[in-house]
2 protein chains.
Amino acid sequence: MSNIRAVADLAGVSVATVSRTLQQPDLVSPKTRAKVTSAINKLDYKPNLLAVKFRSGKTHNIVVLVPTVANVFFARVIRGMQDAAAAEGYALLLVNTMGDDDTEEKYARMVQTSQADGVVQLRAFNPFPEAPSDCDELLPMVNACETLDAPNCPTVSLDNRRAATAMTEHLIALGHSHIAMVKGPKHSPLTRERMMGFKDALRAANLQYCEELMFAGDFTLHSGYEAADRLLSQNYPISAVFCENDEMALGAICRFKEAGLRVPEDISVSGFDNIAFANYSDPPLTTIAQPAEEFGETAINLLIDVLKGKTKRAMKVILPFDLVTRKSTGPAPEKPVNFSS
Amino acid sequence: MSNIRAVADLAGVSVATVSRTLQQPDLVSPKTRAKVTSAINKLDYKPNLLAVKFRSGKTHNIVVLVPTVANVFFARVIRGMQDAAAAEGYALLLVNTMGDDDTEEKYARMVQTSQADGVVQLRAFNPFPEAPSDCDELLPMVNACETLDAPNCPTVSLDNRRAATAMTEHLIALGHSHIAMVKGPKHSPLTRERMMGFKDALRAANLQYCEELMFAGDFTLHSGYEAADRLLSQNYPISAVFCENDEMALGAICRFKEAGLRVPEDISVSGFDNIAFANYSDPPLTTIAQPAEEFGETAINLLIDVLKGKTKRAMKVILPFDLVTRKSTGPAPEKPVNFSS
DNA sequence: TGTAAAAATGTAACGGATTACATCGGAGTA
DNA sequence: TACTCCGATGTAATCCGTTACATTTTTACA
């Protein structure tokens with residue numbers, strides 16, 4: 001691999017001139033510039049960016065911690081991030097962390113070892129354990145989608161609570177009063193917020209919240225299927241199920257159909273996220289649309305502001321949601337089915 | 001950020017000793033080692049990996065060019081790659097290229113600019129345009145999933161042709177003789193190979209291949225839906241549709257149901273890939289299972305062999321497939337429906 | 001105790017590009 | 001002609017670890 005000295009020799013100039021030809025061409029006379037350019041081409045010279053980044057201390061890399069790239073919603077967020085990053089000359093290093101704390105810490109350490117300038121974290125976990133969470137200085141990190149409770153880290157999130165309220169109100173308006181919920185992972189803030197919104201709506205409608213109607217899941221198709229299975233074998237009558245994401249809703253619908261139930265005639269099912277499959281399922285899914293690409297764009301732009309020192313305080317951005325009603329929710333049946341009977 | 005010299009000063013030793021303490025501790029006496037370690041902790045010293053990599057010329061980074069991380073199949077391949085890479089101490093830099101040639105060339109250039117050691121390419125495109133494709137020297141690249149026709153690049157692929165034959169034979173065995181195909185992108189080798197396999201099976205069964213029954217798609221849900229739409233408005237009778245991936249199959253099923261057709265009673269539909277949704281759709285999808293994680297592992301291991309100079313010739317690995325029969329395919333109806341009539 | 005061998009540690013060159021500062025030469029002006 | 005100024009170019013320090021080689025210390029054994 002040829003280096004800048006080889007180019008300088010061939011062109012009969014100093015290395016400084018070669019560097020300037022590439023970085024600030026207007027400081028170099030046209031004649032010299034031509035000689036250098038020709039030497040560069042002849043040698044097929046490519047600057048060693050590792051050296052450049054080492055010297056300058058700026059990598060223009062951003063590490064993105066993604067719980068699962070398999071999640072269709074995250075895939076959209078990633079697309080948004082890529083556009084924003086490309087526009088600012090940053091490269092994205094995606095890491096599929098499987099939600100593992102150690103993996104996230106390991107990759108976040110790329111910042112401390114000068115391999116990346118900042119981190120976008122899509123999960124509510126602080127991968128910089130030693131960093132003081134009090135407000136001294138901003139972390140080189142932005143948190144998106146799930147809300148991390150850290151005052152020194154900008155955040156982009158949805159108003160999950162209100163969104164869950166809107167969905168629940170939709171179900172209540174259809175006449176449902178026995179509503180179950182399939183929740184996400186226990187420690188996810190998303191789950192907490194969406195559950196609060198769910199309770200808000202129940203309370204406002206004078207409906208009773210019932211712990212037995214809450215079913216655990218983990219955002220996968222399979223866990224939705226299993227939750228529906230447990231739901232079918234318990235004693236409370238239920239006419240609607242609010243799932244905390246689309247994958248679980250689709251898994252649940254699958255199980256209900258196996259049991260001979262019709263969606264939405266016998267039971268209404270709703271999701272959250274509005275993934276592509278939601279529009280092609282049978283029936284198409286009522287869900288909450290999130291501006292996924294915008295999440296990504298906003299996160300990257302916030303991070304770049306932090307990296308450039310433009311921001312002093314950690315911004316908390318909240319993006320709007322949209323209730324998308326399709327065919328998986330409908331009027332409550334006369335009398336909610338009591339499955340186990 | 002403290003550096004190795006600061007540590008050396010605090011510990012009262014030379015930088016070489018600090019370096020050795022970290023790299024080859026057994027060359028350092030226990031007493032010195034203790035002093036150095038304590039200094040490292042006191043200063044919270046983290047070696048600048050950019051400097052390390054710059055000096056050593058090895059980055060231990062692998063760039064992975066992924067057409068779309070949104071594709072559920074690729075997500076599984078990525079997981080396999082991560083396991084294999086982690087085991088060998090390599091970090092994966094995932095790039096969502098959107099199948100764009102320029103983006104791929106740009107990121108592949110990370111190898112030439114010393115920012116990465118090698119590339120895994122999941123698409124049939126050579127992102128090193130200037131590299132001679134004749135056999136002189138192996139490219140620092142491995143090609144997986146789609147088969148790139150480059151003699152100097154190791155490849156991991158499925159026997160797509162035989163897999164397509166197996167699927168077609170399955171349909172023929174169910175009595176179908178009017179079989180349509182929803183294809184992938186025109187220039188994808190996958191499409192070419194699967195179509196050849198499709199034709200092989202038709203020929204072997206003395207069935208006529210008919211160009212009018214081939215519908216274009218691009219591997220998205222929507223394109224499957226649209227292909228089904230076109231299929232419904234043409235003149236040939238059809239009793240089965242072989243879709244080149246699961247997303248398109250699910251999109252097609254959606255459209256067929258809208259048209260009031262029953263799957264599989266009126267029309268059988270099959271997919272390819274066996275993504276998670278395939279098992280939770282209505283009806284569950286008959287498809288070809290690919291060992292996705294194994295694709296990833298094999299690709300990484302082949303690449304590391306190349307990077308370490310262990311391999312001289314470009315290996316061509318072919319992984320096995322598995323026909324998974326579910327409920328979306330069934331016996332051919334007495335008389336295939338002619339839709340437009 | 002002396003000497004050779006082995007172990008521990010230090011010195012300094014090195015990798016590739018950037019950039020502050022130094023130098024040189026030519027244009028412009030009095 | 002002499003002097004100033006500016007544009008163009010060169011010199012060399014610098015970023016931070018690694019490592020070949022040199023030097024010092026310790027160990028082992030005659």
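Small disclaimer: the values here were computed from a predicted structure and weren't measured. Just so it is clear: chains get the letters A, B, ... in the order the sequence lines come, proteins before strands, and each one is counted from 1.
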### Query
Can B/F54 be classed as stacking with the base of C/dG16, given a centroid separation cut-off of 5.5 Å and a plane angle cut-off of 30°?
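The base of C/dG16 is not stacked with B/F54 (the test needs centres under 5.5 Å and planes under 30°).
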Measure [atom1]/[X] against [atom2]/[N] and give the value in whole Å, please.
{"X": "B/K46", "N": "D/dC16", "atom1": "NZ", "atom2": "P", "result": "16 Å"}
{"X": "B/L50", "N": "D/dG17", "atom1": "CG", "atom2": "P", "result": "11 Å"}
{"X": "B/L49", "N": "D/dC16", "atom1": "CG", "atom2": "C1'", "result": "11 Å"}
{"X": "A/L22", "N": "C/dT19", "atom1": "CG", "atom2": "P", "result": "12 Å"}
{"X": "B/K58", "N": "D/dT18", "atom1": "NZ", "atom2": "P", "result": "16 Å"}
{"X": "A/K53", "N": "D/dC16", "atom1": "NZ", "atom2": "P", "result": "17 Å"}
{"X": "A/Q24", "N": "C/dA17", "atom1": "CD", "atom2": "P", "result": "16 Å"}
{"X": "B/I4", "N": "C/dA12", "atom1": "CD1", "atom2": "C1'", "result": "14 Å"}

Please state whether the phosphate of [N], meaning OP1 or OP2, lies under 4.0 angstrom from any side-chain nitrogen or oxygen of [X].
{"X": "B/Q23", "N": "D/dT19", "answer": "no"}
{"X": "B/S19", "N": "D/dT18", "answer": "yes"}
{"X": "A/N48", "N": "C/dA17", "answer": "no"}

### Message
Any donor-acceptor pair, under 3.5 Å, between the side chain of A/R55 and the base of C/dG16, if you only look at N and O atoms?
### Response
no
Donor-acceptor pair between [X] and [Y] side chains, under 3.5 angstrom:
{"X": "B/K316", "Y": "B/T155", "answer": "yes"}
{"X": "B/Q121", "Y": "B/N143", "answer": "no"}
{"X": "A/K53", "Y": "A/T59", "answer": "no"}

### Query
When you check the gap from the basic side-chain N to the acidic O, do B/D101 and B/K106 get nearer than 4.0 Å?
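Salt bridge: no.
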### NZ/NE/NH1/NH2 to OD/OE distance under 4.0 Å, B/E88 and B/K308
yes
### Task
Five pairs at each end of the helix from C/dT1-D/dA30 to C/dA30-D/dT1: take the axis at both ends and give me the angle between them to 10°.
50°
### Under 4.0 Å protein heavy-atom contact, by nucleotide of nucleotides 5-12 of chain D - B base, S sugar-phosphate only
---SBBBB
Donor-acceptor check, side chain of [X] to backbone of [Y], threshold 3.5 angstrom: yes or no?
{"X": "A/S157", "Y": "A/E146", "value": "no"}
{"X": "B/T113", "Y": "B/R109", "value": "yes"}
{"X": "A/T21", "Y": "A/T17", "value": "yes"}
{"X": "B/D117", "Y": "B/K58", "value": "no"}

## Note on the structure
From the list B/L302, B/N126, B/V63, B/V120, side-chain contact (heavy atoms from CB on, under 4.5 Å) partner of B/M141 resolves to B/N126
### Test side-chain contact (heavy atoms from CB on, under 4.5 Å) applied to A/C145 and A/L122, A/V156, A/L158, A/L190, the passing residue
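Exactly one pass, corresponding to A/L122.
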### Task
Dump the intermediate steps for salt bridge (charged side-chain N to carboxylate O under 4.0 Å, His left out) on A/R76 and A/E293, then the final yes or no.
CA-CA 5 Å; A/R76 287 178 56 205; A/E293 287 82 4; 3.0 Å; yes
Under 3.5 Å between N/O atoms: give me all the protein pairs with nucleotides 23-25 of chain D, atom names plus distance.
none

